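Below is one structure, written out as structure tokens; comments come after it.
None of the values given here were measured: they were computed from a predicted structure. We number each residue from 1, following the sequence as shown. FYI, side chains are in, hydrogens and waters are out, and symmetry mates aren't considered; it's all heavy atoms of this structure.
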Amino acid sequence: MADLVRDDDSSASVRLRGHTLLCLQGFRGVGYSSEFIANMAAIHRTLTDHPEVLVEVLASPDAVCAACPHHHPSGCMLNGERSEEEMIEQDHEVLRRLGLKVGDRLRWHDILARIQTSVTGDDLPSICGGCRWLPLGYCREGINRLHNPIQDTTVGLASPQSLRQG
């Protein structure tokens with residue numbers, strides 16, 4: 001496994017919650033609002049174009065949440081009052097599987113390597129529970145692509161438009 005950055009490196013990092021590390025694998029340019037999509041696209045592009053970027057892992061609202069219409073001062077309200085608790089549980093499960101803890105900082109390419117060796121698409125239902133994005137299969141496809149980069153599958157069980165409702 002890649003080494004964590006534990007020195008006094010003060011270079012900028014992208015702050016991402018545990019489950020977002022997996023969500024980014026399936027990002028397709030759709031989301032909860034145009035602001036959310038633009039923000040997620042910018043983060044995705046930065047990480048894709050610069051895999052050496054440092055990422056600080058969290059179990060709390062992150063850089064992606066900042067533009068989400070469901071983000072409130074108390075955290076996520078996507079599915080009601082318990083949403084933030086559910087997100088935190090997902091975050092901790094992802095961090096456990098990746099051998100990380102809150103506050104760890106490592107390079108994006110090292111996170112991808114950890115996902116590749118620790119998570120498969122088949123693991124997502126047990127990690128992501130009732131996530132409204134899970135039925136689309138985008139994250140599963142993205143994670144499976146880490147295992148087999150030449151894989152070219154088309155997945156889509158629900159329309160992205162149906163996810164924007166609510």
Side-chain angles (χ1 to χ4, degrees), residues 1-5 9-72 75-76 78 87 90-91 93-95 97-100 102-121 123-124 127-128 131-164:
M1 290 262 164
D3 291 328
L4 297 174
V5 178
D9 184 351
S10 61
S11 60
S13 62
V14 178
R15 301 181 79 215
L16 297 174
R17 51 187 324 159
H19 80 268
T20 303
L21 304 175
L22 302 184
C23 298
L24 281 161
Q25 305 314 306
F27 180 63
R28 297 280 183 89
V30 295
Y32 304 114
S33 67
S34 58
E35 293 82 11
F36 177 88
I37 294 166
N39 183 51
M40 182 83 148
I43 292 167
H44 187 270
R45 187 173 31 260
T46 295
L47 296 171
T48 300
D49 293 349
H50 306 284
E52 72 285 354
V53 165
L54 283 173
V55 173
E56 179 181 352
V57 293
L58 310 172
S60 58
D62 63 7
V64 171
C65 300
C68 183
H70 304 288
H71 180 249
H72 293 273
C76 182
L78 177 64
M87 298 298 147
Q90 288 178 3
D91 294 335
E93 177 60 18
V94 171
L95 296 180
R97 288 176 186 248
L98 300 183
L100 298 171
V102 171
D104 282 344
R105 293 176 57 205
L106 60 161
R107 310 243 177 245
W108 179 243
H109 60 78
D110 294 330
I111 290 174
L112 293 176
R114 285 175 183 249
I115 294 171
Q116 182 183 34
T117 60
S118 305
V119 179
T120 68
D123 295 327
L124 294 180
I127 296 170
C128 305
C131 175
R132 63 178 62 189
W133 294 95
L134 191 60
L136 288 169
Y138 297 163
C139 297
R140 175 185 294 265
E141 183 178 323
I143 290 179
N144 286 341
R145 195 171 30 252
L146 287 175
H147 294 274
N148 183 8
I150 58 172
Q151 174 182 333
D152 183 26
T153 60
T154 303
V155 178
L157 304 175
S159 72
Q161 292 78 17
S162 68
L163 298 175
R164 291 192 202 125

Taking [X] for the side chain and [Y] for the main chain, is one N or O donor matched with an acceptor at less than 3.5 Å?
X      : Y      : result
Thr20  : Cys23  : no
Gln90  : Cys128 : yes
Asp49  : Thr46  : no
His109 : Val53  : no
Asn144 : Gly121 : yes

Over all heavy atoms of both residues, which pair between [X] and [Y] is shortest? Give the atoms and the distance, please.
X      : Y      : value
Ile37  : Val30  : CG1-C, 3.6 Å
Arg114 : Leu98  : NH1-O, 2.7 Å
Ala59  : Val102 : CB-CG2, 3.7 Å
Val14  : Ala63  : CG1-CB, 4.5 Å
His19  : Val94  : CA-CG2, 3.9 Å
Gly75  : Pro61  : CA-CG, 4.1 Å

Can you tell me how far apart [atom1] ([X]) and [atom2] ([Y]) are? Round to the nearest 0.5 Å.
X      : Y      : atom1 : atom2 : result
Gln25  : Ile111 : CD    : CD1   : 9.5 Å
Arg45  : Met40  : CZ    : CE    : 12.5 Å
Gln116 : Ile143 : CD    : CD1   : 11.5 Å
Asp91  : Asp62  : CG    : CG    : 8.0 Å
Ser13  : Leu106 : OG    : CG    : 10.5 Å
Cys76  : Met87  : SG    : CE    : 4.0 Å

Salt bridge (Lys or Arg N to Asp or Glu O under 4.0 Å) partner of Glu56, the single match among Arg17, Arg107, Arg15, Arg105:
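Of the listed options, the one satisfying the test is Arg15.
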Answer yes or no: is there a side-chain heavy-atom contact under 4.5 Å between [X] and [Y]?
X      : Y      : value
Thr48  : Phe27  : no
Leu124 : Leu134 : yes
Leu21  : Val57  : yes

Do the ring centers of Trp133 and Tyr32 come within less than 6.0 Å of each other?
yes
